[in-house]
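Below is one structure; the comments refer to it alone.
None of these values were measured; they are calculated from a predicted model. In what follows, every heavy atom counts, from backbone to side chain, and hydrogens, waters and symmetry copies are set aside.
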Amino acid sequence: MFAKLASVAVLASALFAGAAAKPLPTNRLDARGFHSFNNWGGISSFNGFDNFYGADNFVGHFSSETVVEHESEVVCHSESIEIIQQRLLVIQEMAKRIITEQICEVETQTVVFEQFHASLGSFSSDLRRTSGHQVGYDSGISSHFGDIVSSDDSLSTDDFGFSGKDLGSQYVVPSGSNWNPSTSPASVGAAYSAAQAAI
C-alpha cells in the first residue's frame with residue numbers, strides 16, 4: 001500500500017514539475033526572455049532589426065486598419081487555381097532569393113525567414129475571420145512589388161520609405177467573396193482542417 005502511495009506521489013510530483021516547467025504560449029518576445037533582436041548574438045546584420053516592426057511586435061501584427069477602399073471599389077474575381085498557384089510560387093521563390101542573396105549570416109537568414117513566415121501565417125486567421133481584422137491588403141506596401149527587382153534583373157537595394165509599423169495604413173478590402181456569416185465559419189474551418197491535414 002505504501003509503495004503504491006509513494007509511486008502515486010512521485011508520479012504526481014513529476015507531472016506537476018512538468019506542468020510547472022512548461023512555458024505558457026505567447027507571441028511577445030520579451031516574455032520568452034528576448035527583449036530585442038538588435039545586434040542579436042553580436043551579429044552586425046541584426047543592427048536595427050527591431051526598428052521595422054518594434055521589439056514587441058516580432059510577427060508584424062498591426063493594431064488598426066485605415067480602409068482606403070471598400071466594397072464596390074475593388075472587387076475580387078475568380079481566376080484559374082493554377083494561375084494563382086503560379087503567382088504565389090513566384091512570391092515564395094522571390095522571398096527565398098531575397099533572403100539568400102541579400103543576407104549572408106545564416107542566423108539572420110533564419111530569424112528573418114521565421115518572422116516572414118509567421119507574419120504571412122497570421123493572414124490565415126484573417127481569412128477565417130477569427131483575427132478581428134478585415135480581409136484585405138495594404139495597397140501602399142504592395143504597390144512596391146515591381147520595385148523589388150531592378151531593370152538588370154538584380155535585386156534592388158532602394159529604401160521604399162516605409163516600415164512594418166505602417167502596415168494597415170492604406171488597407172484595401174475587396175468585395176465579392178462568398179463569405180456567409182451563418183455557414184462559412186464551418187465550411188472555412190473544414191477547408192482549413194483539410195489543408196492542415198495535407199501538410
Side-chain angles (χ1 to χ4, degrees), residues 23 25-66 81 83-150 153-174 191-192 195-196 198-199:
T26 179
N27 57 6
R28 289 183 57 94
L29 285 174
D30 53 3
R32 293 183 186 147
F34 297 102
H35 297 286
S36 171
F37 265 108
N38 286 342
N39 296 310
W40 185 84
I43 300 169
S44 62
S45 58
F46 279 112
N47 184 33
F49 183 95
D50 297 335
N51 297 344
F52 196 70
Y53 287 121
D56 60 345
N57 192 20
F58 180 75
V59 177
H61 291 300
F62 54 98
S63 57
S64 64
E65 302 160 353
T66 302
I81 193 65
I83 297 298
I84 302 303
Q85 290 169 317
Q86 285 175 352
R87 277 135 185 82
L88 293 176
L89 186 56
V90 168
I91 293 169
Q92 170 187 301
E93 294 308 299
M94 184 56 72
K96 292 179 186 178
R97 181 181 175 189
I98 292 167
I99 289 169
T100 57
E101 282 189 22
Q102 295 191 318
I103 304 171
C104 295
E105 293 80 10
V106 293
E107 298 84 359
T108 310
Q109 289 176 344
T110 300
V111 172
V112 167
F113 174 74
E114 290 306 319
Q115 182 181 49
F116 169 72
H117 184 256
S119 340
L120 190 58
S122 67
F123 184 59
S124 173
S125 58
D126 295 351
L127 292 172
R128 288 177 285 132
R129 275 65 171 183
T130 59
S131 67
H133 292 135
Q134 298 184 71
V135 181
Y137 59 92
D138 190 297
S139 61
I141 293 173
S142 64
S143 70
H144 291 283
F145 183 76
D147 302 328
I148 293 173
V149 178
S150 300
D153 197 41
S154 63
L155 292 174
S156 75
T157 57
D158 299 336
D159 183 343
F160 297 148
F162 62 81
S163 77
K165 297 167 191 168
D166 298 313
L167 182 62
S169 63
Q170 297 180 58
Y171 211 62
V172 173
V173 181
Y192 176 76
Q196 291 298 302
I199 295 170

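Phe37 has its side chain out of reach of Gln115: every pair of non-hydrogen atoms, C-beta onward, lies at least 4.5 Å apart. Residues Val135 and Val173 fail the side-chain proximity criterion, which asks for heavy atoms closer than 4.5 Å. Between Ile91 and Met94, the closest side-chain pair of non-hydrogen atoms is not below 4.5 Å. Contact check for Ser131 versus Phe123: no side-chain heavy atoms found under the 4.5 Å cut-off. Side-chain contact between Leu89 and Gln92 is present, with at least one heavy-atom pair separated by less than 4.5 Å. Ile141 has its side chain out of reach of Gln170: every pair of non-hydrogen atoms, C-beta onward, lies at least 4.5 Å apart.
Although no hydrogens or angles enter the test, the distance criterion places a donor-acceptor pair under 3.5 Å between the side chain of Ser156 and the main chain of Ile148. Under the 3.5 Å distance criterion, the side-chain polar atoms of Thr100 are matched with a main-chain donor or acceptor of Lys96. Remark: side-chain polar atoms of Asp138 are not paired, donor with acceptor, to backbone N or O of Tyr171 under 3.5 angstrom. Between the Arg128 side chain and the Asp126 main chain, no donor and acceptor come within less than 3.5 Å of each other. In this structure a side-chain-to-backbone donor-acceptor pair under 3.5 Å is present from Thr130 to Ser125.
Residues passing the side chain to side chain contact (heavy atoms under 4.5 Å, CB included) test with Ser44, sequence neighbours excluded: none.
The aromatic ring centroids of Phe162 and His144 lie less than 6.0 Å from each other.
To the nearest 0.5 Å, atoms OG1 (Thr110) and CD (Glu107) are separated by 7.0 Å. Ile99 contributes atom CD1, which lies 11.0 Å from atom OG1 of Thr108 (distance to the nearest 0.5 angstrom).
The shortest heavy-atom contact between Asn38 and Gly48 is OD1-C, 3.2 Å. Of all heavy-atom pairs spanning Val172 and Pro174, the tightest one is O-CD, 3.4 Å.
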Residues Ile199, Gln196; criterion side-chain contact (heavy atoms from CB on, under 4.5 Å); working and verdict
CA-CA 5 Å; Ile199 295 170; Gln196 291 298 302; 3.7 Å; yes
Using the side-chain contact (heavy atoms from CB on, under 4.5 Å) rule, take Leu127 and Ser124 through it: C-alpha gap first, then chi angles, then the decisive distance, then the call.
CA-CA 5 Å; Leu127 292 172; Ser124 173; 5.6 Å; no
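Each of Gln102, Glu105, Gln109 was scored for a side chain to side chain donor-acceptor pair (under 3.5 Å) with Ser45, with one residue passing: Glu105.
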